[in-house]
Amino acid sequence: MTPENTSVLLIYTGGTIGMIENTETGALENFNFEQLQKHVPELQKFTFSIDTYQFDPPIDSSDMDPDAWRKLVHIISDNYEQYTGFVILHGTDTMAYTASALSFMLEGLGKPVILTGSQLPISVLRTDGKENLLTSIEIATACHPNGRPVVPEVCIFFENHLMRGNRTTKMNAENFNAFRSFNYPVLASAGIHIKYNNVQIHTDNIQQKLVPHYLLDTNIAVLKLFPGIQENIVAAVLAAKGLRALVLETYGSGNAPRKEWFLRQLKDACERGIIIVNVTQCSAGTVEMERYETGYRLMQAGVVCGYDSTTESAVTKLMFLLGHNYSLAEVRNRMSHPIAGEITVS
Ligand code: ASP
């Protein structure tokens, strides 16, 4: 159901969806938004208004950064009252990071913010971009009979599935089905009908006021363990100037080598005030540091449990919390509790 005063703000940041092949080099390059509209004449069939905002220049999402996230938060917050929902067209490569960051930066969000993109440019006959775009607009304007938005969350819609943004990972560089939410059920499936999974959708914020946040601290590193990792490498990462937090990608349910030097490096870093968060390298499942001795030792060294967090979510949540100058104890505590539905604490 779409009430009379429905309207959508479509924000085009860049990405494959709006790219065209350079005839000389064969590389994909951005083209402008008007051309995008030309390729999707179906946009005119919507009975409500769709306004647009274009990043100038549009960017490949490999160039996304906290400044661009701040810009998105500004655009949404400045136009918040005016629109029923927001659709962000974004490159797929870092879409899960942007969706995660926005979920923390848009506190109290009570309207849909749907990110989408495509694997094939919209100018290509077999593009997946059209379906993704049109269905995202429909989702961004979906309201319950009482007028409340059906999905007041930051989400990614891709290839028939609507997912909570901070639960997503890009897991396929080839298929149209590029994103998965491994640890949280999809919020909707689009077939002949769009079927919403209402019990999994957050509606707590509906009565709240939007509080936009802009402060992010990027002094973070990600370290992925592998058998044979050497002390000099771990030590160099932990000694990086300005480092405030490390996302440690461990094995299985949060396990790491028991070697003395490894635990000593982590313990020393924790004592120096560096926050180390344990997330698993596995796509699905959660960290349980008490399950095996190898995980338990990490806990004793001062490593924080990241539960079933994606790396994308852990990185952006740390940026957000550190940016807001919470005490060390507070950041550690908040990393183990959900603030935007990003983890399930078992
Ligand atoms: N490199 C592109 C980007 O992330 C890929 C895509 O859009 O799918 O901007």
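Note that the structure is a prediction, hence the values are computed from the model and not measured. Atoms within a ligand are numbered from 1 in the order they appear, just like the ligands themselves.
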Please classify the Ala178 to ligand 1 contact at 4.0 Å (heavy-atom distances, strictly less than): side chain, backbone, both or neither. neither
Give the residue and atom name of whichever protein heavy atom lies nearest to atom 9 (O) of ligand 1, and the separation in Å to one decimal. Ser61 N, 2.7 Å
Note: Ala99 and Gly165 closest approach over all heavy atoms is CB-CA, 3.6 Å
Can you confirm, on distance only, whether ligand 1 has an N/O atom lying under 3.5 Å from any N/O atom belonging to Asp93? yes
Would you kindly say whether Asp51 and Tyr83 are connected by a side-chain donor-acceptor distance under 3.5 Å? yes
Proximal atoms of ligand 1 relative to Gly91 (non-hydrogen, under 4.0 Å): 3 (C), 4 (O), 6 (C), 7 (O), 9 (O)
Please could you name the atoms of ligand 1 that Ser118 approaches to less than 4.0 Å, counting only its heavy atoms? 8 (O)
Side chains of Asn166 and Ser313: do they bring a donor and an acceptor to under 3.5 Å? no
Note the single closest protein heavy atom to atom 8 (O) of ligand 1, along with its residue, its atom name and the distance in Å. Thr92 OG1, 2.4 Å
With a 3.5 Å cut-off and no angle check, do the side chains of Asp217 and Asn219 form a donor-acceptor pair? yes
What atoms in ligand 1 come closer than 4.0 Å to a heavy atom of Gly15? 7 (O), 9 (O)
Does atom CZ of Arg264 have more than 12 heavy-atom neighbours, drawn from other residues, nucleotides or ligands, at distances under 6.0 Å? yes
Side chains of Glu249 and Thr311 only: does a donor on one sit below 3.5 Å from an acceptor on the other? yes
So which heavy atom in the protein is nearest atom 5 (C) of ligand 1, and how far is it from that ligand atom? Thr16 OG1, 3.2 Å
